[in-house]
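Okay, structure first, notes after.
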2 protein chains.
Amino acid sequence: MENVKVLVVDDEPNIRDLLATSLRFAGFSVHAVGNGADAVHAAEKGEPDIILLDVMLPDMNGFSVTKKLRSMGIMAPVLFLTARDETEDKITGLTVGGDDYMTKPFSLDEIVARIHAILRRTKQATIEESVLEVGEIKINQDAHEVFVNDELIDLSPTEYKLLRFLMSNPNRVLTKAQILDHVWEYDFNGEMGIVESYVSYLRKKLDPLTTEPLIQTKRGVGYMYKSAKNG
Amino acid sequence: MENVKVLVVDDEPNIRDLLATSLRFAGFSVHAVGNGADAVHAAEKGEPDIILLDVMLPDMNGFSVTKKLRSMGIMAPVLFLTARDETEDKITGLTVGGDDYMTKPFSLDEIVARIHAILRRTKQATIEESVLEVGEIKINQDAHEVFVNDELIDLSPTEYKLLRFLMSNPNRVLTKAQILDHVWEYDFNGEMGIVESYVSYLRKKLDPLTTEPLIQTKRGVGYMYKSAKNG
DNA sequence: GAGATTGCTGTGAGCAATCTGAGAGCGGGT
DNA sequence: ACCCGCTCTCAGATTGCTCACAGCAATCTC
């Protein structure tokens, strides 16, 4: 994460701030703007490594913005943000080259993962690793495959995201609120009990194949993924 | 703790004073205000390193305050204070970035610990250490793990908090009243006998693994955590 | 040493946090 | 339309924590 520059473009201040804060904390250098014209301007000046672009902007749509950028020789990959109900063809038309898209509402962990994936595909230079291996579990993030002691297991999308988040913070207690904020979509508005349920699902799938339980409950605090080495 | 500036924002004078006094005593430089407008003003002038922000304020709520601050370029992490019963619905997004939240009533030691945790996460610059090691005992605060001579032991949340408080004041007698005030939630209204009980629990777990008893009773005064090497 | 004071710790009731199974609702695929 | 897997809720079971209390031990006072 050696000073990767991200340009965030979204007209909703809440979403923009959420993204900016969250990505800054994830180690990116972030510049955030609220409309297409500013985006073009900022991209020209700032030479971002990747652009997060809402397709619905007040002045111009994401497609026009991208076209404009490309015509100016700015080839940074774009991660489009679209509403769930955008038409399928509109979206597929956008995702050419190194580009990708995510539907709103998204989860913060997923955004970060997606950015890493795109950077991995575009600049081989960075030493971004697509395989996350901690303790007895190995995740291949390109293939979305999870191996427990080299045995492939099948996880639902949410189970996968939860495990990935736990594994990217090994030996550190994560509160249920933190897990909810990072793994679930930002508009999720249920109870934290859902985290308990999914931890339960994960344990049922993982524990039979491991030598010791990997997800520990820290009563009154949260959960922790324990990696074997050290302590 | 090299002159870290904390801005405390709470409209209840009791809580505000409690926090201010306690944080000053913990070595922070504190400025305290009672409403959102003053908070914005104070943050602008004072450039705090961290902000303790009650979400329920007379003029504006904590989120508006934060938004306002962020829009002004003030990026200091925020530790939100929320009532226990408004927890479930409104905490979404509070643990994103450097931010975190605590429910009222809280314990003072926990507030201090949380502030240190946040500073640790946000400014890697400062030499905030997540491992607290005094004498034969080592606490890993990220993992909430306690080692006695490198052997992992299991403590309940209250036992953990008590030990952490004792260890952060080594070679210094703490009265039962002080312990009660720092370790238990501020609205606790039981007897000081509870401190005796928990000291007893701790000793039962710690002493079998240490070369000498680490928690000393100063009859008529209080308790002292003794570290071998000076103090 | 006797009585008073202070501290220690086992017991147990009540409670809070967590786990988990069952099932409702939704949506995608056939 | 039907099936199937996934998400999420709910409630009962379970775990184990907190705290009060009471009797005992240690220490102090005279």
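Within every chain, numbering begins at 1; the chains are lettered A, B, ... in the order of the sequence lines, protein sequences first and strands thereafter. Computation of the quantities below employed the complete heavy-atom set of this structure, encompassing side-chain atoms and omitting hydrogens, waters and symmetry-equivalent molecules.
Qualifying salt bridge (charged side-chain N to carboxylate O under 4.0 Å, His left out) partners for B:D150, counting only residues two or more places apart in sequence or in other chains: B:K138. Here B:K205 pairs with B:L155, B:E159 under the side-chain contact (heavy atoms from CB on, under 4.5 Å) rule; sequence neighbours left out. For B:R164, the salt bridge (charged side-chain N to carboxylate O under 4.0 Å, His left out) partners at least two apart in sequence or on another chain are B:D109, B:E110. The ring pair (Phe, Tyr, Trp, His ring centres under 6.0 Å) check on B:Y201 picks up B:Y198, with sequence neighbours excluded.
Between B:L79 atom CG and B:L19 atom CG the span is 9.5 Å, to the nearest 0.5 Å.
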Nucleotide-resolved protein contact map, nucleotides 11-16 of chain D, B/S/- at heavy-atom distance under 4.0 Å = ----BS
Going 5' to 3' along nucleotides 25-30 of chain C, which nucleotides have protein heavy atoms under 4.0 Å from the base (write B), which only from the sugar-phosphate (write S), and which from neither (write -)?
-> ------
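With hydrogens and angles ignored, the 3.5 Å screen pairs a side-chain donor or acceptor of A:N140 with a backbone N or O of A:A143. When atom types are taken as modelled, the side chain of B:R203 and the backbone of B:P213 share no donor-acceptor pair closer than 3.5 angstrom.
Counting atom types as modelled, A:Y201 pairs a side-chain N or O with a base atom of D:dC8 as donor and acceptor under 3.5 Å.
In the set C:dG7, C:dT20, D:dC19, the nucleotide with an atom closest to the side chain of A:S200 is C:dT20. Which of D:dT7, C:dG7, D:dC8 sits closest to the side chain of A:T158 comes down to D:dT7. Ranking D:dC17, C:dG10, D:dC8 by closeness to the B:P157 side chain, first place goes to D:dC17. Residue B:R203 places its side chain closer to C:dC8 than to any other of D:dC19, D:dC21, C:dC8. Which of D:dT9, C:dG21, C:dG7 sits closest to the side chain of B:K176 comes down to C:dG7.
Nucleic acid contact for B:G220: sugar-phosphate only, since backbone atoms but no base atoms lie under 4.0 Å from a heavy atom of the residue. At a threshold of 4.0 angstrom between heavy atoms, the contacts of B:Y160 with the nucleic acid are absent.
Atom CE of B:M192 is separated from atom P of C:dG7 by 8 Å (rounded to the nearest Å). Note: OH (B:Y223) to C1' (C:dT9) measures 11 Å, nearest angstrom. Atom pair A:F188:CZ and D:dT7:P shows a separation of 11 Å (rounding to whole Å applied). Rounded to whole Å, atom C1' of C:dC8 lies 16 Å from atom CD of B:E191. Atom pair A:K205:NZ and C:dT20:C1' shows a separation of 15 Å (rounding to whole Å applied). In this structure, B:L162 atom CG and D:dC17 atom C1' are separated by 15 Å, rounded to whole Å. Taking atom CG on B:L202 and atom P on C:dG7, their separation rounds to 17 Å, with Å as the unit. Taking atom CG on A:D187 and atom C1' on D:dT7, their separation rounds to 14 Å, with Å as the unit.
By the neighbour-count criterion of 12 heavy atoms within 6.0 Å, atom CD of B:E185 is densely surrounded, having more than that number from other residues, nucleotides or ligands.
For C:dC8, the OP1/OP2 oxygens have no side-chain nitrogen or oxygen of B:K204 closer than 4.0 Å. Remark: A:S197 is not in phosphate contact with D:dT7, judged by side-chain N or O atoms under 4.0 Å from OP1 or OP2. Between B:Y198 and D:dT18 there is a side-chain N or O to OP1 or OP2 distance below 4.0 Å. Contact between the side-chain N/O atoms of A:W184 and the OP1/OP2 oxygens of D:dC8 is found at a separation under 4.0 Å.
Between B:D54 and B:K104, at least one side-chain nitrogen of the basic residue sits less than 4.0 Å from a carboxylate oxygen of the acidic one, meeting the salt-bridge criterion.
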Candidate pair A:Y225 and A:F165, rule ring-ring contact (aromatic ring centres under 6.0 Å, His included), full reasoning = CA-CA 9 Å; A:Y225 183 91; A:F165 183 58; over 10 Å; no
